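Values below: all heavy atoms of this structure, side chains included; hydrogens, waters and symmetry mates excluded. Along the sequence shown, residues carry numbers from 1. Note that this is a predicted model, so its numbers are computed, not measured.
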Amino acid sequence: MIKRIKHSLEYLLDKSSRGKTSSAEENLLHDFAFGEYQNSKWDNDLMGNPEIESQNIYDEIQLRIGKKKSFNPYLKYMAAASILFLLGLGFFLRPNVLNQKQITFKTSSIPKSIQLSDGSKIYLAANSSFQYPEKFEGDQRTVSLLKGNAFFEVAKDKQHPFIIHSGEIQTRVVGTSFHIQLSKLNCKVIVVTGKVNVSGKGQSVDLVPNQEALFEAQKLTKQLADKAFLVNWYNEDVTLNQTTLKQVITILQYKYGVSFEYDDKHVLATPLTVFIKKDATLENVLEQINYITNLKFKVYGETIKVD
């Protein structure tokens with residue numbers, strides 16, 4: 001029975017990709033895919049978000065085969081649904097990930113760091129979440145930044161690439177150091193040392209030190225990185241000499257996972273010199289800025305208002 005289903009599915013998918021299916025066959029494919037997608041069991045804790053994982057797999061397939069033409073959204077949906085169907089039949093596309101015990105590491109109001117089984121070190125910003133296997137197995141070292149920001153110092157291993165899923169993009173390295181900044185609006189990868197490949201939505205860019213990739217509005221672009229980001233401020237004391245309040249706020253946003261609100265944008269040009277210890281609390285840094293600038297910073301959960 002399963003063999004007949006697989007054969008029919010493969011036949012119809014191949015026929016559809018060549019534009020040879022009838023309307024009835026297309027409807028049959030759609031109904032079947034939708035039913036399997038809805039009924040498939042997916043362990044979010046173990047396998048991650050099904051839509052994101054399916055899209056990542058689809059994008060990687062397109063990247064590998066070098067497809068240049070645009071695809072009907074229906075075919076993309078079919079790819080995601082077929083992935084879940086094959087998982088239900090026992091065809092695990094990422095067995096080295098699914099068979100590993102996954103650990104979720106979360107931070108609250110202060111940054112923290114962890115060391116993985118391969119020796120890689122991850123410095124996680126405040127209010128962030130990171131998922132990784134208890135022990136790496138297979139030919140890849142795969143982890144996920146689920147929320148927030150992190151700095152990665154990846155142990156070099158050419159035989160086992162290190163892959164990070166963050167939102168809708170994938171970052172692939174062998175051994176290097178870089179930032180990943182994930183928000184609801186975009187995702188940035190900023191390289192400090194080594195070489196990094198970033199891909200998503202059928203797009204791919206290679207980065208070297210002082211470069212960053214920005215994924216925003218479904219578009220992946222490469223640009224020069226802000227020099228202020230070319231250090232690991234999670235694990236290093238940072239002195240910002242004669243900088244602007246805007247630059248300081250930018251770093252505080254990523255280090256502590258907060259957002260700033262201000263009525264007068266002119267305050268962002270305020271010049272100041274700030275010393276941020278690696279283990280300083282956000283409140284301590286804000287008190288220092290208050291003293292220097294005479295501004296008032298009020299904390300409301302993860303939002304800071306500037307008066």
Side-chain angles (χ1 to χ4, degrees), residues 42-53 55-56 94 96-138 140-157 160-194 196-200 212-213 215 229 231-236 251-259 278-279 281-282 302:
W42 186 284
D43 189 331
N44 285 300
D45 292 333
L46 184 63
M47 295 184 281
N49 183 289
E51 294 183 3
I52 292 176
E53 292 301 324
Q55 185 66 50
N56 285 335
R94 293 170 62 192
N96 58 318
V97 175
L98 299 181
N99 292 336
Q100 298 172 23
K101 179 181 178 182
Q102 297 292 309
I103 299 172
T104 301
F105 180 67
K106 298 180 180 180
T107 57
S108 54
S109 60
I110 59 174
K112 292 184 179 180
S113 63
I114 54 173
Q115 183 165 312
L116 307 186
S117 61
D118 66 335
S120 296
K121 293 182 179 180
I122 315 299
Y123 300 87
L124 207 60
N127 303 309
S128 299
S129 181
F130 178 71
Q131 189 176 71
Y132 63 98
E134 186 176 42
K135 183 179 180 180
F136 289 115
E137 298 176 357
Q140 295 180 344
R141 298 171 286 167
T142 304
V143 300
S144 298
L145 179 61
L146 305 176
K147 175 188 176 185
N149 312 305
F151 183 81
F152 294 78
E153 291 180 351
V154 176
K156 192 171 184 178
D157 184 349
H160 301 88
F162 195 95
I163 296 174
I164 308 100
H165 294 282
S166 53
E168 296 183 274
I169 70 170
Q170 171 182 290
T171 303
R172 184 185 181 95
V173 304
V174 173
T176 182
S177 61
F178 53 95
H179 294 272
I180 295 184
Q181 300 166 351
L182 176 63
S183 71
K184 294 180 179 180
L185 298 178
N186 59 50
C187 186
K188 285 185 180 181
V189 179
I190 304 171
V191 179
V192 178
T193 64
V196 171
N197 173 262
V198 180
S199 61
E212 72 174 47
F215 183 77
F229 292 106
V231 295
N232 174 11
W233 61 73
Y234 302 112
N235 195 47
E236 298 177 13
I251 290 181
L252 295 183
Q253 286 180 150
Y254 291 123
K255 183 179 177 71
Y256 297 102
V258 295
S259 60
K278 64 180 182 181
D279 56 354
T281 65
L282 175 61
E302 295 179 12

> Roughly how far apart are I163 CD1 and S144 OG, rounded to 0.5 Å?
Replying inline: 10.5 Å
>> Using a 3.5 Å distance criterion without hydrogens, assess whether the side chain of S128 forms a donor-acceptor pair with backbone atoms of N149.
In response: yes
>> So which atom in N235 and which in K278 form the shortest heavy-atom distance, rounded to 0.1 Å?
In response: O-CD, 3.5 Å
> With sequence neighbours left out, what residues match I114 under side chain to side chain contact (heavy atoms under 4.5 Å, CB included)?
Replying inline: F105, L116, I122, F130, Y132
>> When you compare the side chain of P133 with that of Q102, does any pair of heavy atoms fall below 4.5 Å?
In response: yes
>> By the salt bridge (Lys or Arg N to Asp or Glu O under 4.0 Å) test, which pairs, at least two apart or in different chains, include something from residues 116-127?
In response: D118-R141
> Which value, rounded to the nearest 0.5 Å, describes the distance between L282 atom CG and L252 atom CG?
Replying inline: 6.5 Å
> Under a 4.5 Å cut-off applied to non-hydrogen side-chain atoms, are F151 and S177 in contact?
Replying inline: yes
> Distance from K147 atom NZ to K184 atom NZ, nearest 0.5 Å?
Replying inline: 8.5 Å
>> F229: which residues meet the ring pair (Phe, Tyr, Trp, His ring centres under 6.0 Å) condition with it, sequence neighbours left out?
In response: W233, Y254
> Any sub-3.5 Å donor-acceptor pair from H160's side-chain atoms to E137's backbone N or O?
Replying inline: no
> Do you know the tightest heavy-atom contact between S166 and C187?
Replying inline: OG-SG, 3.5 Å
>> Among residues at least two apart in sequence or on other chains, which ones pass side chain to side chain contact (heavy atoms under 4.5 Å, CB included) with S117?
In response: K135, F136
> For the residue pair K255 and P111, what are the closest heavy atoms and their distance?
Replying inline: O-CG, 3.4 Å
> Who are the side chain to side chain contact (heavy atoms under 4.5 Å, CB included) partners of S183, not counting sequence neighbours?
Replying inline: L185, N186
> To the nearest 0.5 Å, what is the distance between CD (Q181) and NZ (K188)?
Replying inline: 6.0 Å
> Mind checking what makes side chain to side chain contact (heavy atoms under 4.5 Å, CB included) contact with S113, not counting sequence neighbours?
Replying inline: Y123
> Between V196 and V189, what is the shortest heavy-atom contact and its length?
Replying inline: CG1-CG1, 4.2 Å
>> Can you give me the closest heavy-atom contact between L145 and I164, atom names plus distance?
In response: N-CG2, 4.1 Å
> Are side-chain heavy atoms of F215 and V198 found at a separation under 4.5 Å?
Replying inline: no
> Under 3.5 Å, is there a donor-acceptor pair between the side chain of T104 and the main chain of Q131?
Replying inline: no
>> Quick one, R172 and Q140 - any side-chain contact, counting heavy atoms below 4.5 Å?
In response: yes
> Which pair of heavy atoms, one from Y256 and one from N127, lies closest together, and at what distance?
Replying inline: O-ND2, 3.0 Å
> So do the side chains of V174 and K156 get within less than 4.5 Å of each other, counting heavy atoms only?
Replying inline: yes
